[in-house]
Amino acid sequence: MKKKFHKVMDNPFIICKNMYLRPVEISDASSIQKWHNDPELRKLARYGELPATLEKEEEDIKAASRALDEAYLMVIKKRDNKPIGFIRVNDLTSSTRDVWLRMIIGDKSAWGKSFAEEALRSVLEWLFYELNIHRVTLGTYVTNKRALKFFEKMGFKREGILREAHFEDGTYHDIISFGLLRKEFHKK
Ligand SMILES: CC(C)(COP(=O)(O)OP(=O)(O)OC[C@H]1O[C@@H](n2cnc3c(N)ncnc32)[C@H](O)[C@@H]1OP(=O)(O)O)[C@@H](O)C(=O)NCCC(=O)NCCS
């Protein structure tokens with residue numbers, strides 16, 4: 001049977017098989033706030049030390065929307081037009097063409113379904129083949145086993161360790177720095 005998708009995509013910027021990515025909007029603030037405050041997600045990828053308020057999220061979205069070196073993209077499921085997370089890319093005007101990426105699939109029911117892989121792959125294709133970006137950098141807590149495995153599966157290489165740069169459950173932990181060069185990325 002053919003998959004039924006929600007008929008209209010809302011302002012798509014990158015379209016993939018099961019999802020599309022569109023620029024963040026003020027109306028996304030409450031979803032993002034929930035993900036940033038979620039105790040389990042905070043352990044995996046912390047946004048800030050303090051509780052995320054709607055006002056701060058809205059300010060952040062406004063600032064990102066005005067920024068000339070940042071792409072803040074919501075990952076939307078085509079099937080029901082629901083946001084499941086975001087991918088954020090900074091330093092897009094860097095002279096070394098090295099950008100910083102951060103992603104959260106905040107809807108945990110969307111984990112383990114290749115949605116994250118599909119969305120990240122499409123963003124990497126956009127960065128490497130449309131924007132001519134040379135490398136993508138990101139950091140992951142050493143305690144976040146799922147993300148470590150995910151980024152390695154996506155081809156990222158472990159490049160360094162930020163020793164005891166993360167504090168969790170009363171203990172310091174390392175942050176693993178990852179990088180991916182365009183020549184290492186394999187288009188599907
Ligand atoms: C990291 C994230 C994007 C990955 O998306 P996902 O849909 O969960 O990823 P996948 O299921 O495709 O891949 C995760 C891999 O880790 C494995 N895994 C899951 N839980 C694990 C655990 N506790 N220990 C080790 N490996 C684990 C999975 O089996 C899978 O490997 P496989 O493809 O070989 O089976 C998503 O989980 C997320 O947004 N997490 C919260 C935010 C975050 O951690 N962001 C990253 C920091 S920038």
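As the structure lists them, so they are numbered: ligands from 1, and atoms in each ligand from 1. Residues take their numbers from the sequence shown, with the count starting at 1. Computed from a predicted structure; not experimentally measured.
Counting only non-hydrogen atoms, the option in K149, E118, E152 that gets closest to atom 31 (O) of ligand 1 is K149. When K108, M154, K145 are checked for heavy-atom proximity to atom 24 (N) of ligand 1, K145 turns out nearest.
Between E59 and K62 there is a salt bridge, since at least one side-chain N of the basic residue sits less than 4.0 Å from a carboxylate O of the acidic one.
Considering backbone and side-chain N/O of G139, none are found under 3.5 Å from N/O of ligand 1. Geometrically, ligand 1 and S114 share no nitrogen or oxygen pair separated by less than 3.5 Å. Considering backbone and side-chain atoms together, K153 places an N or O closer than 3.5 Å to an N or O of ligand 1. At a 3.5 angstrom cut-off on N or O pairs, R102 does not count as close to ligand 1. Considering both main-chain and side-chain atoms, M103 comes within under 3.5 Å of ligand 1 through a nitrogen or oxygen pair.
If you look at L41 next to ligand 1, the close heavy atoms, those under 4.0 Å, all belong to the side chain. At a 4.0 Å heavy-atom cut-off, ligand 1 touches F151 through the side chain alone. For L101, no heavy-atom contact with ligand 1 is shorter than 4.0 Å. Contacts between R146 and ligand 1 below 4.0 angstrom, taking non-hydrogen atoms only, involve backbone and side chain alike.
Note: W126 and F13 have perpendicular aromatic rings, judged against thresholds of 30 and 60 degrees for the angle between ring planes. Note on ring orientation: taking the six-membered ring where Trp is involved, the planes of F156 and F151 are perpendicular (angle over 60°, cut-offs 30° and 60°).
Put simply, I176 and F167 are part of two different groups of oily side chains (I, L, V, M, F, W, Y) that touch within less than 4.5 Å, one to the next.
Within the 4.5 Å cutoff, no side-chain heavy atoms of P12 are placed close to those of R22.
Residue R158 qualifies as enclosed at atom CZ: its count of foreign heavy atoms under 6.0 Å is above 12.
Atom 46 (C) of ligand 1 lies below 4.0 Å from at least one non-hydrogen atom of the protein.
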